[in-house]
Structures are given as C-alpha cells and as structure tokens.
K.L.:
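Could you have a look at this structure, given as structure tokens, before my questions?
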Amino acid sequence: MSEGHEQTSDIAAKHPNLFGSGTAYVANRDGGSVSVVDLNRLQEITTITVEGAPHTPAASPDGRFVYVSDNQNGALLVISTQSNTLVATVDLNEGPFTSTAPWGVVVSPDSRFVYVANSGSSNVSVVDARRLVVTAEVPLSSGGFAIGITPDGRQAYVRMSSAAKLAIVDLSTNLRVKEIDMCSGLSGLGIARNKPLALMACPIVAGVLRMINTRLAAIALDAITTGGAPDSIAFNPEGTVAYVTNAGGEEVFVIDVFRHTKVLEIPVGQEPRGVKVTDNGLLAVVANSADDTISVIDTRRNTVVGTVDVGAGPWYLDVV
Amino acid sequence: VDEVLEVVSEKVLEAVPDDVADDVEGQHSGYFRHGTAYVTNTDDATVSVIDLNRAREIKRIAVGNRPLGVAVSPDKRFVYVANTDDGTLSVIDALRHTVVATVDLNAGPFVGTFPVGVAVSPDGRFVYVANFTSENVSVVDARQLVLVTEIPLSARGQEIRVTPDGNLAYVTMSDVGAGFVGVLDLNANLQVKTIDTCGLGQAGLDLARTRPLVYFGCTGILGTIGAINTDLAEQSLTSIILSSSPDQIAFNPSGSIAYVTELNGDELWVVDVFRHTQVLTITVGDGSRGVKVTDNGLLVVVTNEGDDSVSIVDARTNTVAATVPVGGGPTHVDIA
C-alpha cells in the first residue's frame, strides 16, 4: 500500500459517516481496465483488465452487475460486483444488430435491460440483461452519446451530440417520440430521481446547463450559466443539488437547482469527466481523466476528502 | 356535541337558499363555514376583511400602495398582498387581521417591479409573486419572509396559480397586442413552456383543484375562454365564446363550473365546463373584477371596482344574496 493510500484511509477514518457509501467502478479508457474503489475506505480494491477501450460503466439497480461499453470493439462488458471479475462480453454486432463506437450506458430500473447509445452507428442497442444478447435497437437520427433513463423506466434521453439534438425514446416501443434542439459537444445529462427534472450540459460556446421538465418533455427558456466546459451531471438523492464536472478545467460546479444557479466550484483533478453521487447522498465521486485519479467529495461540506489513484484515462464511472 | 352541530349546520345550510337574499346577517347566524374574504382596495391602499357568514366588513387593514393580487395560504393563517406601486408583498396574519411583515421584492440582487399576481405553494412554504414590469416571478420563503430566487418570464407577468402537486405554475403574461400563458417548473424555478393564448388582450386565469384544467380569458372583439389540459400543458383548439370581454375567472371546488367577471361591465357569467358554454348571466356591481368561490362552493364573491362594493352571490340560486360596501376600487379577492 502506498503512502498516499494510507493518508486517504486516515481521512476516511475521520469521516465515519462515509461508511455505507459503496463501491466505485471507474472505466480507464486509455488503460484498458476498470478500477474498483472501496468508497468507505477510499482505497482501490482491484483492477479488472479488459479488452478495448472501456468507456462508460453503469451499475444495475439491483447492484449485481456493472455494464461497461467498449468504445473500440462495439461490445458491452459485464462485470460481477460479487467477484469483481469480467463475467461476460456481449457482442453488440451479432445477428442483424449493429453498434459502432458505443458511448453511454444505462440500466432499466428493474435491471432487465441495458441500453447502450452508439455514437458511430446512430442507434441504441437494447441488451437483455438475463440472456446477455441484443434484443432490439432504437434507431436515432444521429450518433448517440450520453444516455439517461427516467426513474419510471418509461423513457430514455439520448444526447445526439453531433446533431445538437436530444432524443426522447419511448422504451415500451423502443422508438423516438420527440427530438429537442440542444447544444452540440460531447457532454452529459443528469436525470433527477424523485423530481420530473433533467439537466443537459452544454460546453460550447459558453458553458451552460439546459433544464428539461421530464413530465412535459419541455425545455426551459433560460439556461443556467456555469462557465467552463460542463461534462457530466449527477444529482443528490433529493434532486435539489447537481454536481457538474468541468472537463475544460479542474473543478466540479455545484448547482443549486431551486435557485438555478452555480453556487460553488470545488477544485478536483485535471479534466474531470464522470461524476456520480452515492445512494446515501454523502459522496460525489469524480473521475479526473487527465491525471488518472478519482476525487471523492463530501457533499455535506462540499470539500474533497480523498483522492485515489486509478488506471490510465478514467473518463466515466458509476457507484454501487 | 360536535357531530350534532355538524348535522344542525348542514340543515341550516340546506335551508338557506330560498331566503338568503332577504337578510343574510339576521336570519342566518348558523350560516357559518363560508369563511372570510380578503379584498384588495386598490385605490385606497387597504384590504377589506369580510365575514362571509354575516356578509359584513369586519376590518379594513392598511397595506402598501395600489394593492392588486391577494392569496391566502393553504393553512389559512396568512394572507399575502402584492402592492404594485411599492414593489412589496404585505403579509397579513389571518387570525389577528394585522400586517405582520412587508417583504421588499427589490431586496439584494432581486428585482420585482409592479407585482400583480400572488400564489402560495400547496405546502405553504413558498409565495410566488408575478411581476408585470420586471417580467419575472419573485419566490418568497414564507417562513423566513425573504426572497430566495426569481423565475425569469418571457413577457409581463400577471395572474399566477400553482398546480396541486406543487410542481408547476401557470402564469398569464402579456406583450403588446398578445397574450400568453407561461408554464413554470417550480423545482428549478424556470419557465419551460410558453402557450400562445390571446391575439389581443390577456385576461385572468384559474386552475381547477381536482382536475387537470386551467381556464384563461382573452379580451377582444369576441371575449373568449380557452382551456389548458395541465397533464399535457396544451391548450384546447376551440375557445368558449362569451357575451363580451372577460376579466377574472374562478372555478367552483369540483371544477365543473367557472365564474367569469365581465371586463368594464357589471356582469358575472356562469360557464358550464362539461358543455364548454356560457349558461347564465348574473348582474352584480359596476366594474366587476375579482371573483372567488368559497371552499364549500355555496357562495361566489365578486369585487366591484366601479362602485366600491362586493357582491355575494348564492351559487345555488345564482342570485346576489348580499352587497357589502368596501374600500376604494376593489380589484381582487381571496377567501380564507
């Protein structure tokens, strides 16, 4: 164990309420691996070596599996959270189905389906999580990047970044039902868990967030100014605070949703991309893509309580 | 004993309609449960408090200059009044009938000029004030009595209502020669939709409590009412034609009837919601403007700006049961 790890463990010991925060799965895009980090001890448990370019991890709501898109090979990697090993690789190009450069991943609330947005092939692969095969595809009008699902599991929101549009997909028919004009740029979206609310990051030209009422599928007229290049968005469990990474800098923006205002900037590592809030709401975990670390933020104090070394080029992560 | 009183009061209420017009005060001392009406007297900077059981003004409270919109909190403990000329919100204690606070809508970084409409969130925690000149909605924390944020609007704000789940607000807005209804997301406090409603002037709106329905009025050569389905935030393609231009609108508790005041007139119109038709005209006082229905659905209270009075209409007979003199230029009313 390195000296750095001992220091972060000391910090964790001083924050006993971090216990119960779970485990982070970090996709090291450049390192061909997935880092598994114990968030209670702020220590890396293991590194799972995989093929290709692991891009976006998404944990199943039942906590049993983590699915990771392989941006290089058009595949979906399946990791067991019990053994922390790669247990399957789903070929997204099998049979009549196609997938090029898969990007965002999201799992249905009942853990039955995994949706993979394909940035190269303008579609969403629908993977049956039991049989581990593609069962359907959602056609898009342009490449799909970040993807989110409404808490009721009825709709998916897909950023079509090159077309500067947001697609709203009806998941009972796996068809697009609406497109909303959105900004361009490779950036993410966040959907609140218990409010009909979603935020979209717009890094170009000036950094802003666009708000969507998910019940009406209507976009707010006014944007929330953040500056920088906002990338990923994670809400606290109440949906009152959003954490937004600034991939163009070294900070996480804290957004007061009610006041639709950026209220704080928390310094983290270089070019932070992925961010997730733990289910207990106590931690926000940030992947710093340019310095191969994750930053762990105490959401009550909004300060970084630990930094953990991971593999090369960590872009996105999820927590279980 | 309470149960007996309940039964007796039911009987009294049943007995009232035939002779309610004769002498509301004297004969119907058991005619309670209608509540208290708060009427903004716009010309003399006061609020008239009317005991609707006795049809009598019981207090006149000094507020800010040119008060317009008024809203009672869901727990009926507070009454909020928008003072247009001052850019303030007066907070009235509904038990003591005194002003307990005045919130400056232009404090700190916030701007709230010519506040018109007032609405309270279903949990009573927030007061929303639609500002005409500053084209925004001030969000006031009802406990701390401070401004917490603002909702920018796409045009000049007027009347505002909050949906029963507290997630959305509907606000009338006007521009030169056009009217709109804005749909506001109250979780992020941002306007998410603009519904093009009126080609000419925008009149008032009301939101039904138990169905997904908003009515809004449009003034013009033909006065009309349009309906918005609040599940979809979409307006109806057909309008209800009125006998002339409408001013304010109030639903009965079940949302089956809407009462509409005549702009620059002396009429109150009764609209059958199911049949989307104006079915009745009741003559009230001059310059009928504000309108509200009591929680029991039995009375409709109308403010008459032109003759400084309030008409109390019996909703079962559709006749004026009493007329109560109030302060100068009454424009809006809410009922506690």
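Note that the structure is a prediction, hence the values are computed from the model and not measured. In what follows, every chain begins at residue 1, and chains take the letters A, B, ... in the order their sequences are listed.
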K.L.:
To check you understand the geometry: which heavy-atom pair defines the closest contact between B:Asp231 and A:Leu216, and what is its length?
P.N.:
O-CD2, 3.9 Å
K.L.:
For chain B, find which of A:Ile212, A:Val257, A:Thr240, A:Asp256 contributes the most heavy-atom pairs closer than 4.5 angstrom.
P.N.:
A:Val257
K.L.:
Heavy atom to heavy atom, less than 4.5 Å: which residues from residues 171-199 of chain A reach chain B?
P.N.:
A:Lys195, A:Pro196, A:Leu197
K.L.:
A:His260 side chain to B:Asn187 main-chain N or O, any donor-acceptor pair under 3.5 Å?
P.N.:
no
K.L.:
Under a 4.5 Å heavy-atom cut-off, does chain A meet the side chain of B:Glu234, its backbone, both or neither?
P.N.:
neither
K.L.:
Going by heavy atoms in the side chains, are A:Ile219 and B:Val192 under 4.5 Å from each other?
P.N.:
no
K.L.:
For A:Phe258 versus B:Asn189, what's the shortest heavy-atom pair and its separation?
P.N.:
O-ND2, 2.8 Å
K.L.:
How long is the span from the CD atom in B:Glu150 to the OG1 atom in A:Thr261, to the nearest 0.5 Å?
P.N.:
10.0 Å
K.L.:
Using 0.5 Å steps for rounding, measure from the CG atom of A:Leu221 to the CG atom of B:Leu153.
P.N.:
9.5 Å
K.L.:
What's the spacing between B:Ile151 CD1 and A:Arg259 CZ if we round to 0.5 Å?
P.N.:
12.5 Å
K.L.:
With a 4.5 angstrom heavy-atom cut-off, is it the side chain or the backbone of B:Leu168 that approaches chain A, or both, or neither?
P.N.:
side chain
